[in-house]
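Residues: numbered from 1 along the sequence shown.
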Amino acid sequence: MRHARGLIPLIALAAIGVTAVAAAGEIQVLCEPGLRVYLDGELAGISSRLDDGAYLMDVARGLHIVRVEKDGFEPQSFEVLVGQVPVEVTVGEFQAEAAPASPEEPAGERPALAVGTLVVTSAPQNCV
């Protein structure tokens with residue numbers, strides 16, 4: 001009987017753990033190595049050849065902003081909706097940063113965010 005009582009808290013903890021994992025998703029950022037990858041404004045890591053870019057795990061479900069930066073180039077930003085299936089973001093070619101405006105010229109509006117391609121994959125493949 002003592003052993004059965006000890007199992008109840010373990011089962012409850014396991015159920016909570018499964019719920020916490022189910023409430024998180026994954027984002028695969030496909031890009032060249034050495035880029036800074038941000039998730040909702042926080043540095044999530046540096047892309048690598050090993051990960052084919054960056055692999056963000058345990059991302060809360062919902063809408064997020066993924067930003068990828070490369071020195072000397074305009075950053076690229078993507079709105080990503082994280083759900084039950086992993087999401088892939090493919091980073092396109094970077095545009096060189098515009099030269100800073102001269103003091104005589106009024107500062108214009110910042111250009112719109114870069115538009116990219118969103119590829120959604122399923123596991124196992126060919127699921128609906």
(message) As a quick check of understanding, evaluate side chain to side chain contact (heavy atoms under 4.5 Å, CB included) for Phe94 and Gln76, giving each step before the final call.
(response) CA-CA 8 Å; Phe94 280 88; Gln76 294 187 35; 3.7 Å; yes
(request) Apply side chain to side chain contact (heavy atoms under 4.5 Å, CB included) to the pair Leu30 and Val91, showing each step before the final yes or no. (result) CA-CA 6 Å; Leu30 299 171; Val91 176; over 6 Å; no
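- The CD atom of Glu26 sits 7.0 Å away from atom CE of Met57, with the distance rounded to the nearest 0.5 Å.
- In this view, Glu69 and Arg36, Arg67 satisfy the salt bridge (charged side-chain N to carboxylate O under 4.0 Å, His left out) rule, not counting sequence neighbours.
- Glu32 places no side-chain N or O within 3.5 Å of a backbone atom of Gly53 that could act as its donor or acceptor partner.
- Crowding of Glu97 atom CD: a count of heavy atoms from other residues, nucleotides or ligands under 6.0 Å exceeding 12.
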(request) Evaluate the side chain to side chain contact (heavy atoms under 4.5 Å, CB included) criterion for residues Leu39 and Ile65: first the C-alpha distance (whole Å), next the side-chain angles of each, then the deciding distance (0.1 Å), finally the verdict. (result) CA-CA 6 Å; Leu39 179 63; Ile65 302 292; over 6 Å; no
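- Annotation: salt bridge (charged side-chain N to carboxylate O under 4.0 Å, His left out) contacts involving residues 48-57, sequence neighbours excluded, are absent.
- When side chains are defined from C-beta on, Tyr55 does not count as touching Val29, because their heavy atoms never get closer than 4.5 Å.
- When hydrophobic side chains of Ile, Leu, Val, Met, Phe, Trp and Tyr are connected at separations under 4.5 Å, Leu43 ends up clustered with Tyr38.
- Counting only heavy atoms from C-beta outward, the side chains of Val80 and Leu63 never approach each other to under 4.5 Å.
- Residues His64 and Val59 have side chains in contact (heavy-atom distance under 4.5 Å, counting atoms from C-beta outward).
- Judged by distance alone, the side chain of Ser47 and the main-chain N or O of Leu35 form a donor-acceptor pair under 3.5 Å.
- Looking at heavy atoms from C-beta onward, Val89 lies out of side-chain contact with Gln28 at the 4.5 angstrom threshold.
- Residues Leu81 and Val87 have side chains not in contact (no heavy-atom distance under 4.5 Å, counting atoms from C-beta outward).
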